Amino acid sequence: MTRAHTLETPPTTPARALDGPPVPEGPPPPRRKHTWRRLGNQALWYAAAIVLALFIALPIYLIFVSAVTPEADRYTYPKAIVPSALSFENISFFLRASGVVDAFWRSCIVGIITIVLALGIGAPAGYAIARYVFRGRDAYRLVILATRAFPVVILSIPLAVLYRQVGINDSVLGVALMHTTLALPFTVLITSSVFVSIPRDLEEAAQTLGCSPAQAFRRISLPLALPGLTAAAIFTWVLSWNDVFAAAILTLRNPTLPARILSSLTQAPLHFQFAAAFVMLVPSLVVIFIIRRYLLGLWGRVVK
Amino acid sequence: MSEIRLERIVKTFKDVRAVDDVSLTVAQGEFMVLLGPSGCGKTTLLRSIAGLEDIDAGRVVIGGRDVTELPPRARRVAMVFQSYAVFPHMSVFENIAFGLRMSKVEKTTLTRRVRSAAELLHIEALLDRYPSQVSGGQRQRIAVARAIAMEPDVLLMDEPLSNLDALLRLEMRAELKRLLNEIGSTTVYVTHDQVEAMSMGDRIAVMRAGRILQLGDPLTIYQTPVDRFVGGFIGSPPMNFLPATVRDGGDGLRAEVQDAGSLRLDGTAAWLTGRIGQAVTMGVRAEDIDVVEDGGADGVLRGRILVVEPLGSHDLLTVRLGESRLKVATRPGIALRADDPVVLRPQVERLVWLDPESDRALERPASAA
Ligand SMILES: Nc1ncnc2c1ncn2[C@@H]1O[C@H](COP(=O)(O)OP(=O)(O)O)[C@@H](O)[C@H]1O
Ligand SMILES: [Mg+2]
């Protein structure tokens, strides 16, 4: 039975032991061609990875260069790929502009509240979709996505009015609620696919070993889902951090960072815009790098 | 260690009756095997015992305690899953200790029980590793160790060997049997592998389509299957089935196989008298047929060899007999080849008689048994 099986699988590595001593003449071993192909494949993979990395990293780098170019070189052409000197005057000027630091912290708080709310509501919903078969589950999944097909622009006026009536307009909580609404469809879908990937057997085994269903979830599924949940958190953070539209509609005197930048920098010179872009980028990068480190640590242990 | 009593269990999924009115009693310390083809409801029945499946009707009684309404954690059962279900984020030690921690076993006792379970399964060297760092066979041992560390009343195993390769399976089969003998727990063991069932079970329950077709010790089931399905499912090769007619030969009953000859039943099946002139199906195991010299003898079947398969321990002949084909096991090195004529003498006392309509074994009157 096992023999038939090995015969069926393509000969990835020629069985040396069976070949016996090498025969001087005869057809060349199939191994060489194989190796070439593998090398080619690897080269392709690396090329693709490099292109992808450049696609992301190059703009970030150019923004960085433009933000730190000293005043003297600002208008030289062509632009230097490496800045002649590091100058943080643009960035510090931008940071000292009125309200920027406040807006920065506001954005952070909005992001954190959004993560907590979106995961607090979205993860249980994702778990339910993953684990329980209930009437209308597929329809539910579709409807969740359909909310995103509805353009937010149309909602803006009624939303602003409603926020005013409830009294959460121009507040951190108001923006966070809006961001939560925008993020929820994705958190639900991401977390449900995370929980689907965790075998149900594990929870059931825990139950036969003395756990209640809730304990089985907390001790087994939750730790295993953590990497996926962190990914959902990153996603939510980026969505909230980057949102201009909702923040611009819903805030006036207390804008988040993107809204602040939008209202004040559209007329500013280019180098200030780059400085602002750089300030926008850094927290996201920091958050992603920290979380990713943690993620890989966890995955490295679970997956071989 | 407790007796398990299942009373009229029914479990339906949408329109599939996965378990259809099953009653079964497993004695204390007994090794019961649920055997049947894939999809016959073995897993569902096992999960019903564990409490992982909400049954539609019936009762589950373990050790005299009705546990039908109790959640899995209150049933004092331990289960080994087909997928092993070891926890990937815990070390091997923590995996085995998991159930003990949940029941708040005191620390030194816990360590001792984890170690002794690990020793029983020869994985004490792996305790610090993570499941991703051990082989499939070792993961399987972890799952078993985790279950027996609980010292459960009842041990449930769902095809624990089916994911191992053939050699390892053979080795683990014997080891599991020794182990379970040693701890003497009441065990329900699910498998679709009839060799595994025969070799391990005290008793076997053969299942099909949610029902138990036959319950008995391995040899009884092997020798006297209740129907054609069981006879064909158990044993390798499957039992042979030949259409025959019961005749009154004057000097006693005979079973006539068309175009092949007739067998003298010699009083071994005198109870078939009521069936004279009627068609029956004759069931016979490959090893219960002797190849004899053709001395123009009476009471033999004549056929032609189609294939000879030398298997080392014996040769397997495929013989064409009238319209039917028959597997015959002979001693190795028999001097016969394809297309040779062959004369067969089945051991009449080993024959099984079935109704060709229902394919069920004919009832032999109690007095004749
Ligand atoms: N959760 C489920 N939902 C729907 N049908 C199921 C479920 N579990 C099992 N079944 C069905 O019940 C029958 C018995 O399944 P199972 O007990 O797993 O069989 P076995 O273990 O003998 O292979 C099969 O027809 C299977 O498709
Ligand atoms: Mg099964």
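These numbers come from a predicted model, not from an experiment.
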*Do you know the tightest heavy-atom contact between Met150(B) and Leu209(A)?*
CG-CD2, 3.6 Å

*Less than 4.5 Å apart, any side-chain heavy atom of Arg219(A) and any of Phe98(B)?*
yes

_Closest contact, heavy atoms only, Val86(B) versus Leu202(A)_ = O-CD2, 3.3 Å

_If you count every heavy atom of other residues, nucleotides or ligands that lies below 6.0 Å from Asn41(A) atom CG, does the total exceed 12?_
yes

*Over 12 non-hydrogen atoms of neighbours within 6.0 angstrom of CD in Glu106(B)*: yes

*Check whether Ala206(A) gets within reach of chain B through its side chain, its backbone, both or neither, counting any heavy atom under 4.5 Å.*
both

*asked:* Between Arg146(B) and chain A, with a heavy-atom cut-off of 4.5 Å, which part of the residue counts as in contact: side chain, backbone, both or neither?
replied: both

*Check whether more than 12 heavy atoms from other residues, nucleotides or ligands sit under 6.0 Å from atom CZ of Arg218(A), and answer yes or no.*
no

*Under a 4.5 Å heavy-atom cut-off, does chain A meet the side chain of Val80(B), its backbone, both or neither?*
neither

*Would you indicate whether the side-chain heavy atoms of Ile220(A) and Met90(B) approach each other to under 4.5 Å?*
yes

*Within a reach of under 6.0 Å around CZ of Arg115(B), are more than 12 heavy atoms found that belong to other residues, nucleotides or ligands?*
no

_If you count every heavy atom of other residues, nucleotides or ligands that lies below 6.0 Å from Phe134(A) atom CZ, does the total exceed 12?_
yes

*Identify the heavy atoms of Arg73(B) and Pro213(A) that sit nearest to each other, and give their distance.*
NH1-CD, 3.9 Å

_Atom pair OG1/CE of Thr208(A) and Met102(B) - distance to nearest 0.5 Å_ = 11.0 Å

*asked:* Counting only heavy atoms from other residues, nucleotides and ligands, does the tally under 6.0 Å from NE2 of His314(B) exceed 12?
replied: yes

_Exactly one of Glu53(B), Met79(B), Arg47(B) should register a side chain to side chain contact (heavy atoms under 4.5 Å, CB included) with Glu204(A). Which one does?_
Arg47(B)

*Looking at Glu203(A), Gln207(A), Gln215(A), which one has more heavy-atom pairs under 4.5 Å with chain B than the rest?*
Gln207(A)

